[in-house]
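None of these values were measured; they are calculated from a predicted model.
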Amino acid sequence: MNNLTPPNPAIYYEQVWQLTRQIPRGRVATYGQLAQLIPCPANVDPDEYHTFGARWVGSAMSACPADVPWQRVINSQGKISQRPGAEMQRQLLENEGIPFVKDKIDLRAYQWRGPGEEELPQQAKLF
DNA sequence: CGCTTGACCGGAA
DNA sequence: ATTCCGGCCAAGC
């Protein structure tokens with residue numbers, strides 16, 4: 001393994017947590033998705049960010065404050081990453097109404113579209 | 001000081 | 001669909 005933390009963890013982690021707080025109840029986001037939504041940090045090679053960004057998000061989640069809905073961040077396969085506490089995470093998501101099929105969540109149906117997603121229904125309203 | 005161990009992901013086999 | 005692999009850091013035993 002390698003590069004598990006960005007050059008300036010304090011700044012980066014704060015961005016990850018801020019973004020995670022915007023994920024609505026009943027929706028999920030992936031580590032890689034959050035990394036993409038956050039700009040590549042200064043002095044970081046874009047290729048390196050692409051390769052390790054998701055891991056950095058994971059590191060941020062492992063140290064998140066209590067007010068962050070950490071359970072809504074899952075891996076790119078739509079599954080909960082193996083670790084102690086994984087069972088509770090699944091429990092919390094099911095409580096939010098998210099169904100699991102073969103230990104997997106259907107990202108096409110439950111993945112958060114990102115900040116501004118709420119504006120989409122308004123457009124749909126035009127018809 | 002050395003060894004272990006990470007909340008990931010995309011491409012190859 | 002599934003498993004394997006590279007990436008090559010750094011905090012905590």
Side-chain angles (χ1 to χ4, degrees):
Chain A
M1 297 289 183
N2 60 55
N3 233 345
L4 266 44
T5 58
N8 191 330
I11 302 297
Y12 192 79
Y13 289 8
E14 192 51 57
Q15 294 182 84
V16 174
W17 300 331
Q18 182 51 48
L19 203 47
T20 302
R21 291 189 186 95
Q22 296 179 58
I23 304 173
R25 178 185 173 76
R27 306 300 297 285
V28 295
T30 68
Y31 298 98
Q33 176 189 2
L34 296 185
Q36 281 195 316
L37 289 171
I38 294 172
C40 176
N43 303 314
V44 171
D45 173 50
D47 288 330
E48 181 187 6
Y49 186 57
H50 180 265
T51 301
F52 302 113
R55 294 180 71 83
W56 296 352
V57 169
S59 294
M61 297 315 294
S62 70
C64 76
D67 68 318
V68 174
W70 57 273
Q71 73 273 21
R72 297 176 191 153
V73 183
I74 61 180
N75 65 37
S76 66
Q77 328 263 328
K79 295 180 178 177
I80 290 174
S81 298
Q82 173 62 65
R83 68 174 180 291
E87 215 165 79
M88 175 171 70
Q89 180 172 13
R90 173 172 178 153
Q91 196 66 224
L92 290 170
L93 291 176
E94 291 182 321
N95 288 342
E96 295 188 6
I98 298 176
F100 281 74
V101 180
K102 297 287 287 183
D103 295 324
K104 184 175 58 181
I105 291 173
D106 181 359
L107 290 178
R108 287 192 311 176
Y110 299 94
Q111 181 170 30
W112 179 47
R113 297 187 187 185
E117 169 188 65
E118 299 70 21
E119 290 162 33
L120 292 176
Q122 294 186 313
Q123 297 185 318
K125 237 179 179 179
L126 299 175
F127 295 91

Count the heavy atoms belonging to other residues, nucleotides or ligands that lie under 6.0 Å from CG of A/N43, then report whether that count exceeds 12. no

Whole Å only: how far is the CG atom of A/L37 from the P atom of B/dC8? 18 Å

Nucleotide C/dA1, atom C1' - distance to NZ of A/K79 in whole Å: 10 Å

Measure the distance from CG on A/N8 to C1' on C/dA10 and round it to the nearest whole Å. 16 Å

In whole angstroms, how far is the P atom of B/dA7 from the OH atom of A/Y13? 10 Å

In terms of hydrophobic clusters joined by side-chain contacts under 4.5 Å, are A/L107 and A/I23 together? no

Under 4.0 Å, heavy atoms only, any strand: does A/W56 hit a base, just the sugar-phosphate, or nothing? nothing

Work out which heavy atom in A/Q89 is nearest to a heavy atom in A/I80; give both atom names and the distance. OE1-CG2, 3.1 Å

Euclidean distance, A/Q18 CD relative to A/Q15 CD, rounded to 0.5 Å: 9.5 Å

Which whole-number value in Å describes the distance from A/M61 CE to B/dC8 C1'? 14 Å

For A/L34 and A/V73, which heavy atoms make the closest approach, and how far apart are they? CD1-CG2, 3.8 Å

Once you measure the plane-to-plane angle for A/W56 and A/Y49, does it fall in the parallel (<30°), tilted (30-60°) or perpendicular (>60°) bin? tilted

Using whole Å, report how far CZ of A/F52 lies from C1' of B/dA7. 17 Å

Work out how far the P atom of C/dC13 is from that of B/dA7, and round it to whole angstrom. 14 Å

Nearest whole angstrom, please: distance from the P of C/dG6 to the CG of A/L4. 17 Å

Can you tabulate the close N/O pairs, meaning under 3.5 Å, that link protein atoms to atoms of nucleotides 9-13 of chain B?
from: B/dC9; atom 1: OP1; to: A/G32; atom 2: N; distance (Å): 2.8
from: B/dC9; atom 1: OP2; to: A/S76; atom 2: N; distance (Å): 2.9

Just the rounded figure in Å: distance from C1' of C/dC9 to OH of A/Y12. 16 Å

